[in-house]
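Following: one structure in structure tokens, then a few remarks.
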Amino acid sequence: MAEADEASPIPAPPKSGPGVVTIAIVAFVMSLLAVIGGGYVNAKLHPIPDFKMGKDGLITAVVPAPPPGKASGEGESKSALYYAIDPPLVVNFEDGSVVRFLQITMELMVHDQKAVDSVQRNLPMIRNNLLLLMSNRNYQSLMSREGKEKLRAEALAEVRDVQKKQGGGDVDDVLFTSFVVQ
């Protein structure tokens with residue numbers, strides 16, 4: 001009889017613990033929490049900008065002020081500042097026998113408040129030079145992307161030239177935020 005007892009298999013104890021369904025639910029909930037947490041962190045790091053409507057009906061983004069107690073340039077790269085040339089620049093030019101108008105709204109990109117202040121001081125001269133530059137345009141060249149890019153590069157050179165002559169801060173770029181030809 002002792003042999004018979006040895007030959008019979010001993011039943012395994014019943015499994016206790018979470019089932020496959022429970023593990024799947026826990027994994028789903030943890031994944032959902034990770035997505036929600038990541039979205040929250042992303043929103044804090046990259047907030048959606050506020051928008052404002054200008055006098056001319058154009059909607060522009062408002063650049064948020066730096067957080068209190070954090071001066072610009074403290075161990076991190078400086079963010080860009082934008083200065084809108086307002087009101088828009090308007091010039092007329094001839095296209096054969098037709099008189100056409102060009103209206104451009106521009107913003108200047110700089111990296112420090114000193115440059116913004118110098119642009120404000122030199123704005124009459126900057127506007128004058130830009131108007132003279134834009135009035136000598138060909139309609140066909142303004143309709144192509146290459147023509148607009150060339151005008152933008154020439155406008156940047158004009159602004160930098162004025163800033164250099166007047167001892168102002170450096171302007172990094174000129175951006176066309178509105179470009180209308182009639």
My understanding is that only residues two or more places apart in sequence, or in another chain, count here; which of them pass ring-ring contact (aromatic ring centres under 6.0 Å, His included) with Phe179? Phe176
Residue of the set Val171, Val162, Asp161 for which side-chain contact (heavy atoms from CB on, under 4.5 Å) holds with Ile126: Val162
Mind checking the CD-CE spacing from Glu154 to Met134? Nearest 0.5 Å is all I need. 11.0 Å
Check: Asn129 and Leu133 side chains under 4.5 Å, non-hydrogen atoms: no
Stepwise, does the side chain to side chain contact (heavy atoms under 4.5 Å, CB included) test hold for Val174 with Glu158? CA-CA 10 Å; Val174 171; Glu158 282 290 334; over 6 Å; no
Which pair of heavy atoms, one from Lys148 and one from Met143, lies closest together, and at what distance? NZ-O, 4.3 Å
Linked, directly or transitively: Ile85 and Val180 (ILVMFWY side chains, under 4.5 Å): no
So which atom in Leu81 and which in Gln113 form the shortest heavy-atom distance, rounded to 0.1 Å? CD1-N, 3.7 Å
Determine whether Leu108 and Leu131 fall in the same hydrophobic cluster, where Ile, Leu, Val, Met, Phe, Trp and Tyr are linked whenever their side-chain heavy atoms lie under 4.5 Å apart. yes
Hey, is the main chain of Pro87 close enough, under 3.5 Å, to the side chain of Arg127 for a donor-acceptor pair? yes
With distance as the sole test, does Thr177 use its side chain to make a donor-acceptor pair with the main-chain N or O of Thr105 at under 3.5 Å? yes
In the structure I gave you, are the side-chain heavy atoms of Leu151 and Ile104 within less than 4.5 Å of one another anywhere? yes
Between Ala155 and Met106 the two heavy atoms that sit nearest each other are CB-CE, 4.2 Å
With no hydrogens and no angle check, is any side-chain donor or acceptor of Gln103 less than 3.5 Å from a backbone partner on Val90? no
Value for OG (Ser31) from CD1 (Ile36), rounded to nearest 0.5 Å, stands at 11.0 Å
Just do the side chain to side chain contact (heavy atoms under 4.5 Å, CB included) check on Tyr82 and Leu175 with the steps written out, would you? CA-CA 9 Å; Tyr82 297 93; Leu175 306 170; 3.5 Å; yes
Crowded around Met125 CE? As in, over 12 foreign heavy atoms under 6.0 Å? no
Determine the minimum heavy-atom distance between Gly147 and Ser144, stating which atoms define it. N-OG, 3.0 Å
Residue list, ring-ring contact (aromatic ring centres under 6.0 Å, His included) with Phe101, at least two apart or on another chain: none
I'd like to know if the side chain of Ser118 pairs up with that of Gln163 as donor and acceptor (distance under 3.5 Å, no hydrogens or angles considered). yes
Close side-chain approach of Asp170 and Val110, heavy atoms under 4.5 Å: no
Supply the atom-to-atom distance Asn122 CG to Lys164 NZ, rounded to the nearest 0.5 angstrom. 14.5 Å
Student check: side-chain heavy atoms of Leu89 and Val91 closer than 4.5 Å: no
